[in-house]
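Start at 1 and go down the list; that is how both ligands and their atoms are numbered.
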Amino acid sequence: MLLRRKFLQQSLLGSLGVLIGKEQLRASPVGGKLGKASGPVVISTWAPNAKANAAAWQVLAANGRALDALEKGIHVTEADPTDQSVGYGGLPDRDGKVTVDSCVMDEWGNCGAVMCLEHILHPVSVARLVMERTPHVQLVGEGALKFALEQGFSKTNLLTPEAEKAWRNWLKTSRYDPMITVEHLEERNKKNKKKPGQQHDHDTIGMLALDSNGNLSGACSTSGMAFKMNGRVGDSPIIGAGLFVDNEVGAATATGVGEEIVRICGSHTIVEMMRAGHSPEEACKKAVERIVKRNGLQKAKEIQAGFIAINKQGEVGAYSLIDGFNYAVHTESGPYTKNAKFLI
Ligand code: ASP
């Protein structure tokens, strides 16, 4: 009888994919070889991040792990001085300091984040080490910098002359209007030929990947809202808001006005919508609808929030609040970029 009970327990644990560790039970990642995953896919917020996808693809095409692919991809954008919202070249806060935020989440549900970190070129790699080498999930400010330096990162001046010039110009008015800064809403309203979401408008990189083993991971990196208050942290390094991964269901990430995305716990909401049976695009739309519901239609027109998502089958989707959000995808058939559908 005892033997039979033990056997039943073992087979139940086996069929649930649960491993008995020394101190804890840990769910094993649900691999695509067991599921229906169609092959590697990587998706990023903003079309210009196709170059980051290309770097990530090299890892995915060699059957590498999704998390390694994302780290490599995000490095491209973090090091790009022309991207004024991520890493080197990012626009500073109102005190002239470039502070960066980043997080990662892997197929095991492990996660790590750094917030309000200064002087470090690749915050995504520090976030990964917070996940892998500390008992914590989040490190902020001075503590995050201290950890990065201990781990062998060196200090870099992230403020480029162009970003400094933009900040000095901003100081003339000191008007904090993130919607306009980020999305060139003013120009859009004036029906200016320059459409938002193009080369100079792209923001935070949020990146999701499904690897050839069918495992999902995500990563996000930003210098946050231009001219924010010193110490301000948005959605991007917050697990559940700027990024969420559930390897049994899907993953989502965000860009846009972080405060609004945090208030609806955007990325987690989207993953839960996919769990309930919605496609990635429908799930993203539902998150956007929540922002509109909370703010009312008039106020919502002044906000941008864009989401991308991927499910376990490798289907991708996106949705944004207003016009101008686009995204980049790379699959076995090659790269493409797409304008997201928008709500209002
Ligand atoms: N979500 C970022 C933040 O709030 C900014 C952005 O995506 O534009 O910091």
Specify whether Phe227 and Trp170 have parallel, tilted or perpendicular ring planes, treating 30° as the upper limit for parallel and 60° as the lower limit for perpendicular.
parallel

If we number the atoms of ligand 1 from 1 as shown, the ones under 4.0 Å from a heavy atom of Gly258 are 4 (O)

If we only count N/O pairs under 3.5 Å, is Glu259 in contact with ligand 1?
no

Using 4.0 Å as the upper bound for N to carboxylate O, is an ion pair formed by Lys155 and Glu118?
no

With heavy atoms and a 4.0 Å threshold, my read on which part of Gln304 contacts ligand 1 is neither

Polar contacts were defined as any N/O atom of the residue lying under 3.5 Å from an N/O atom of the ligand; does this apply to Thr222 and ligand 1?
no

Close-contact set for ligand 1 against Gly224 heavy atoms, below 4.0 Å
9 (O)

Looking only at heavy atoms, the pair that brings Lys312 and Leu210 closest together is O-CD2, 4.0 Å

Once you measure the plane-to-plane angle for Phe244 and His268, does it fall in the parallel (<30°), tilted (30-60°) or perpendicular (>60°) bin?
perpendicular

Minimum side-chain heavy-atom gap His75-Val124 below 4.5 Å:
yes

So, regarding Gly256 and ligand 1 (criterion: nitrogen or oxygen to nitrogen or oxygen, under 3.5 Å), is there a contact or not?
yes

Find all atoms of ligand 1 within a distance of less than 4.0 Å from any non-hydrogen atom belonging to Asp235, and give their numbers and elements.
1 (N), 2 (C), 3 (C), 4 (O)

Best match, Val262, Thr204, Ile261: closest heavy atom to atom 2 (C) of ligand 1:
Thr204

Rounded distance [0.5 Å steps], CZ in Phe342 versus OH in Tyr319
8.5 Å

Do Asp95 side-chain atoms and Asn230 backbone N/O form a donor-acceptor pair below 3.5 Å?
no

Would you indicate whether Arg290, at its atom CZ, is surrounded by more than 12 heavy atoms from other residues, nucleotides or ligands within a distance under 6.0 Å?
no

Proximal ligand 1 atoms for Thr255, defined as those under 4.0 Å from one of its heavy atoms:
6 (C), 7 (O), 8 (O)

Counting both backbone and side chain atoms, is some N or O of Val257 under 3.5 Å from an N or O of ligand 1?
no

Contact between ligand 1 and Ser85 is defined here as a heavy atom of the residue under 4.0 Å from a ligand atom; is it met?
no

